[in-house]
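So the structure is just underneath, and the comments pick up after that.
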Amino acid sequence: MAAPEDTRCRCKACRRIRVTIDQIFSVLDIYGWLLNSYVVDFFEEKLWDKLPESWKLTLQDTPPHEFGKWMSGDILCTRVWPMSLLALRQVTNMLQINRNHEDPANVISCEFNKPKINIDKDDKKFERDKKKIFYDLYSQDDKFNNLFSKHIKKKKRYEIQEIAQVCADCAYESNSKCIVDIGAGMGHLARTLAFQYGLCVTCIEQDCILLQQARKWDQELLTSIKKYIPDFSEKTPEHFTAKLESSNLDKSELISHLQDLFQNSFNLEETETKFGLVGLHPCGDLAPLLLELYSSRSEVKFICIVGCCYMKLTLKSEVNGLKGYPLSKFLLLCKNHTLSYTSLEVACHAIEKYCDKLKTGNYEDLIVHTYRPALETILVKKSKKLQHSQLRNVKVTKGMTFQQYCITATSHFNIHVQPDDSDIHNREIKGYLNRWQQVIIFGSLRMMLAPLVETIVLFDRFLYLSEKNLSPTLKPVFDCRLSPRNLVLISKKRN
């Protein structure tokens with residue numbers, strides 16, 4: 001059943017997205033069982049036997065490094081592949097969002113009701129002057145260059161540098177001086193936005209320890225900057241503790257509190273306290289919550305979010321007042337367009353890095369993907385109640401044996417259900433462990449489909465904004481090999 005005409009944007013991008021979603025679910029109608037399977041059940045449920053016969057015939061002797069090259073589209077792979085498998089790879093590549101951040105053509109934008117950008121010339125000059133000061137210092141002094149990198153891991157540092165520019169552009173283009181950083185953690189992004197881009201930033205973080213650390217590092221960085229720029233006058237970010245949940249969120253109270261903070265802490269007039277929402281990897285339902293807040297409140301001028309942890313989304317909107325997936329009316333009215341927890345979990349992995357690992361033969365750590373289902377068969381034989389038990393995390397090291405894995409993984413179990421030597425050293429288990437290549441190949445097939453799931457989730461959020469006449473843009477900002485969740489959803493309201 002189609003969504004009502006008055007909520008359906010007719011621009012080229014939105015029409016194409018709706019068609020793409022339908023096409024993806026047509027693929028998942030056939031192959032979705034792969035995503036919905038638990039690799040832990042590989043031996044218990046004989047998952048390999050459920051593959052098409054032509055696939056099994058080809059894949060049973062395909063080494064993982066060759067399959068990794070094939071998944072990546074390496075034309076040097078000379079093996080004869082089943083036509084249905086070739087077609088599946090082709091269609092997944094065609095339907096998924098292109099994650100190449102270097103190609104400007106990979107930006108998807110809704111054209112309906114697109115806001116006109118009207119940047120104040122004085123603000124633009126301020127931005128250029130501020131960037132010049134920092135750029136000159138960056139290029140001339142390595143010690144200054146390292147100030148903003150202190151306490152930050154390489155991956156996070158890269159993400160902050162890229163997303164800060166996107167957020168600052170959104171702020172300037174929407175004539176907003178204020179930004180609210182949701183789930184700000186230790187405030188790394190907030191400090192960059194405040195000190196480097198001159199924005200008024202308020203951070204919301206539910207962990208008090210992280211918040212206290214953020215305040216400490218705010219002052220640390222401010223003191224260090226003033227050694228280089230004595231008249232530096234930017235204010236540190238404001239921080240407060242809150243746990244945002246749909247069930248207890250009073251939007252009016254939150255907005256009022258934020259605007260009071262901006263007025264009192266940054267000496268702003270009430271008319272200057274409208275703000276943008278920024279979320280760098282908000283977990284699970286937090287991203288939909290931010291989208292709902294943005295769409296329902298005129299005080300929020302723009303949103304810029306990069307999602308993650310899709311498996312933590314509440315499935316089926318309006319359950320107990322929570323909104324997770326789906327959000328858009330288009331998908332809410334498509335009853336057969338559902339996603340499972342397992343499919344959403346797979347969508348959080350990085351297919352590019354996974355393929356690189358396979359291609360180079362550097363997949364020793366993937367041996368756990370065989371150890372876990374082999375251990376599952378032992379546990380289920382002991383008791384059905386142990387099926388899908390929560391095991392201890394095991395850091396797989398080179399040369400780790402199955403026995404070592406079992407001992408570590410079940411160390412918290414009662415002694416009578418822990419695997420013993422007779423469980424571990426028998427012909428059946430040895431046979432399972434010898435099928436490690438099949439387990440990796442099966443997991444790789446699931447990984448090949450995973451980008452389709454992320455595409456659906458992000459397109460659902462895109463359509464949600466579009467249906468509310470809030471023109472969204474979706475684009476890859478990060479290098480997906482450095483930051484797997486690299487697609488940023490942006491929307492700016494008319495001034």
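Heads up: numbering here begins at 1 and tracks the sequence.
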Residues T58 and W81: side-chain donor-acceptor under 3.5 angstrom: no

Check: residues 475-484 side-chain donor-acceptor pairs under 3.5 Å, at least two apart:
residue	atom	partner	partner atom	Å
D479	OD1	R481	N	2.9
R481	NE	D356	OD2	2.6
R481	NH2	D356	OD1	3.3
S483	OG	E159	OE2	2.4

Donor on one side chain, acceptor on other, Y197 and T192, under 3.5 Å: no

For the student: nearest non-hydrogen atoms of Y38 and L47, plus distance: O-CD1, 3.4 Å

K359 and E66 ion-paired at < 4.0 Å: no

Verdict with supporting geometry, F266 and L261, side-chain contact (heavy atoms from CB on, under 4.5 Å): CA-CA 8 Å; F266 298 97; L261 271 176; 5.9 Å; no

Cation-pi, W70 ring and R89 (6.0 angstrom, 45 degrees): yes

Check: Y31 ring centre within less than 6.0 Å of W55 ring centre: yes

Minimal non-hydrogen separation, L193 against A168, with atom names: CD2-N, 4.3 Å

Donor-acceptor contact below 3.5 Å, side chain R446 vs main chain L34: yes

Neighbour count >12 (heavy atoms, 6.0 Å) for atom CG, N393: no

Pair F240 + H257: ring centers closer than 6.0 Å: yes

Where at least one partner belongs to residues 337-351, residue pairs that pass side chain to side chain donor-acceptor pair (under 3.5 Å), sequence neighbours excluded: D22-H337, N36-S340, S340-T342, S340-S343, E345-H349

Residue pair L463 / S328: nearest heavy atoms and the distance that separates them: CB-CB, 3.8 Å

Polar contact flag, side-chain donor to acceptor under 3.5 angstrom, H239-D218: yes

Among L277, L470, I490, I179, the one residue meeting side chain to side chain contact (heavy atoms under 4.5 Å, CB included) with F302: I179

Within-4.5 Å side-chain heavy-atom neighbours: T455 and I24: yes

Salt bridge K177-E272, side-chain N to carboxylate O under 4.0 Å: yes

R191-H188 side chain donor-acceptor pair, cut-off 3.5 Å: yes

Shortest non-hydrogen separation from L313 to G284 and the atoms involved: CD2-O, 3.3 Å

K492/E173 ion pair, N-O < 4.0 Å: yes

D250 vs L254 side-chain heavy atoms within contact, under 4.5 Å: no

No-hydrogen, no-angle side-chain donor-acceptor test under 3.5 Å, S295 and Y464: yes

N106 backbone acceptor or donor facing N98 side chain under 3.5 Å: no

Side-chain heavy-atom pair V27, Q23 within 4.5 angstrom cut-off: no

Exceeds 12 heavy-atom contacts within 6.0 angstrom, atom CZ of R16: no

Beyond-backbone contact of L244 with I182, side-chain heavy atoms, under 4.5 angstrom: yes

Side chains of F195 and T236 in contact at under 4.5 Å (non-hydrogen atoms): yes

Flag for H151-E220: side-chain donor and acceptor within less than 3.5 Å: yes

Residues forming a salt bridge (Lys or Arg N to Asp or Glu O under 4.0 Å) with E454, sequence neighbours excluded: R99, R485

From I97 atom CD1 to L474 atom CG, the distance as rounded to the nearest 0.5 Å: 4.5 Å

Side chains of S252 and R297, donor plus acceptor under 3.5 Å: yes

Non-hydrogen side-chain atoms of L445 and L59 separated by less than 4.5 Å: yes

Gap separating the CD atom of Q437 from the CZ atom of F67, nearest 0.5 angstrom: 12.0 Å

K12 side chain to C110 backbone, donor-acceptor under 3.5 Å: no

Parallel, tilted or perpendicular: ring planes of F459 versus F462, cut at 30 and 60 degrees: perpendicular

Any side-chain heavy-atom pair of E162 and Q165 under 4.5 Å: no

Shortest non-hydrogen separation from P63 to R79 and the atoms involved: CD-NH2, 3.9 Å

Nearest non-hydrogen partners of C203 and A190, listed with the distance: SG-CB, 3.3 Å

Side-chain heavy atoms of L291 within contact of I305, under 4.5 Å: yes

